[in-house]
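To keep things clear, I will list the structure first and then write my remarks on it.
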2 protein chains.
Amino acid sequence: MDSIDRKIINRLQQNARVSLKALAKECYISPPTISARIHHLEQLGIIKNYYTLIDYKKAGYHIKAFVHVKVDPKDKSNFYKYIESIPNVLECDCVSGEFSMVIKVIFESTELLDSFINLLQRFGKTNTQIVFSTPVDVRGVSLSEEKA
Amino acid sequence: MDSIDRKIINRLQQNARVSLKALAKECYISPPTISARIHHLEQLGIIKNYYTLIDYKKAGYHIKAFVHVKVDPKDKSNFYKYIESIPNVLECDCVSGEFSMVIKVIFESTELLDSFINLLQRFGKTNTQIVFSTPVDVRGVSLSEEKA
DNA sequence: AGTGAAATGAATCTGTA
DNA sequence: TACAGATTCATTTCACT
């Protein structure tokens, strides 16, 4: 991981569909080298996936929420299996604090969110935050492009 | 938005770098048509961005956390400007409940997270959840490909 | 690791239905 | 809206530094 790799990663985070040619120009190295570096970063697992961000509201998902669940440690593996299988789950993290799980979900309506929460109750107490607006939408980090 | 558009969106969410040719084959229509549909979806704002998901730990960001902040409504616009400018912020949502803001952040160390939280105090009371593990990492929704 | 030139393969443009 | 064929453009391979 040198400064060129970091520059490549930064550009790919901003736009995953940027061409090798454009990257080559910006990094002052040739397209074959860019290609080789990207493959290397993929192999190392630093680049995990190329993902398309869509407007969920325009796709009919009007409700976004963070659902917190207090899951008993012994139910964790069942919980993980269940939560993975729900397509409405956009992310799930195990965190410190009273509620051990944070789940980011989207639903077409509050009714569907409600029935999801009801199903979750079997794993433990829940607490839900409805999202009103998103001042900073899903984005990547800018890695420092200094030599370091 | 017909079933072909939904199929295109689903594939792009799984892999933003899939070729038009591959998409054309899977949707049983020609590459130029795929291209036109994608441009149309971009124009409508349904497709917002193509984004690369990286392994933050491997990039040196060992700490991920959700920071909740109780922001006074009159400070909101200052808060938005500030939070937008911090590269460590991966997402920020305005939510219901006692703490009006949820910020997803990554940092190289707990010390850097701590100094960020200190700076946030000027906007209001904070509460932080450190992420231990991520059972479901950032992903998209599968839109139904049925005719509907 | 890096390159330039050739070969391959993909995306766009033009015509047309 | 959709297509097929021609052109343009990007990506990969390869021989070489």
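Protein chains get the first letters and strands the later ones, always in sequence-line order, with residue 1 at the start of each.
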Taking a pair to mean Watson-Crick or G-U wobble geometry with both distances below 3.5 Å, C:dG15 pairs with none

Going 5' to 3' along DNA chain C, which nucleotides are the first and last within contact of chain B (any atom under 4.0 Å from a heavy atom)? C:dA10 to C:dC13

Look at the aromatic rings of A:F123 and A:F79 and report parallel, tilted or perpendicular, splitting at 30° and 60°. perpendicular

What is the distance from NE2 of A:H39 to P of D:dT11, rounded to the nearest Å? 11 Å

Tell me whether B:R37 is salt-bridged to B:E42, with the criterion being a basic N under 4.0 Å from an acidic carboxylate O. no

Would you please indicate yes or no on a ring centroid separation below 6.0 angstrom for B:Y50 and A:Y50? no

Atom CD1 of B:I8 and atom C1' of D:dA2: how far apart are they, to the nearest Å? 13 Å

Is there a Watson-Crick or G-U wobble partner for C:dG2 with both distances under 3.5 Å, and which nucleotide is it? D:dC16

Atom pair distance, as rounded to whole Å: CG in A:L23 and C1' in D:dT11: 13 Å

Name the residue closer to the 5' end of DNA chain C, choosing between A:Y28 and B:V18 according to the nucleotide with the nearest heavy atom. A:Y28

Whole angstrom value for the distance that separates P of D:dC9 from CG of B:L20: 16 Å

Between C1' of D:dT1 and CD1 of B:I29, the distance in whole Å: 9 Å

What is the separation between atom CG on B:D2 and atom P on D:dT1, rounded to the nearest whole Å? 9 Å

Would you give the length of the straight line joining atom NZ of A:K58 to atom NZ of B:K48, rounded to the nearest 0.5 angstrom? 8.0 Å

Between D:dT1 atom P and B:M1 atom CE, what is the distance in whole Å? 14 Å

How many angstroms lie between CG in B:N10 and CG in B:L143, if you round to the nearest 0.5 Å? 4.5 Å

When rounded to the nearest 0.5 angstrom, what is the spacing between CZ in A:F132 and OG in B:S100? 9.5 Å

At under 4.0 Å between heavy atoms, what does A:T33 touch on the DNA or RNA strands: base, sugar-phosphate, or nothing? base

Using atom NZ of A:K21 as one end and atom P of D:dT8 as the other, report the distance to the nearest whole Å. 14 Å

On DNA chain D, check which nucleotide each of B:R17 and B:I4 is closest to and give me the residue with the more 5' one. B:I4

Hey, do the aromatic rings of A:F116 and A:F107 have their centres closer than 6.0 Å? yes

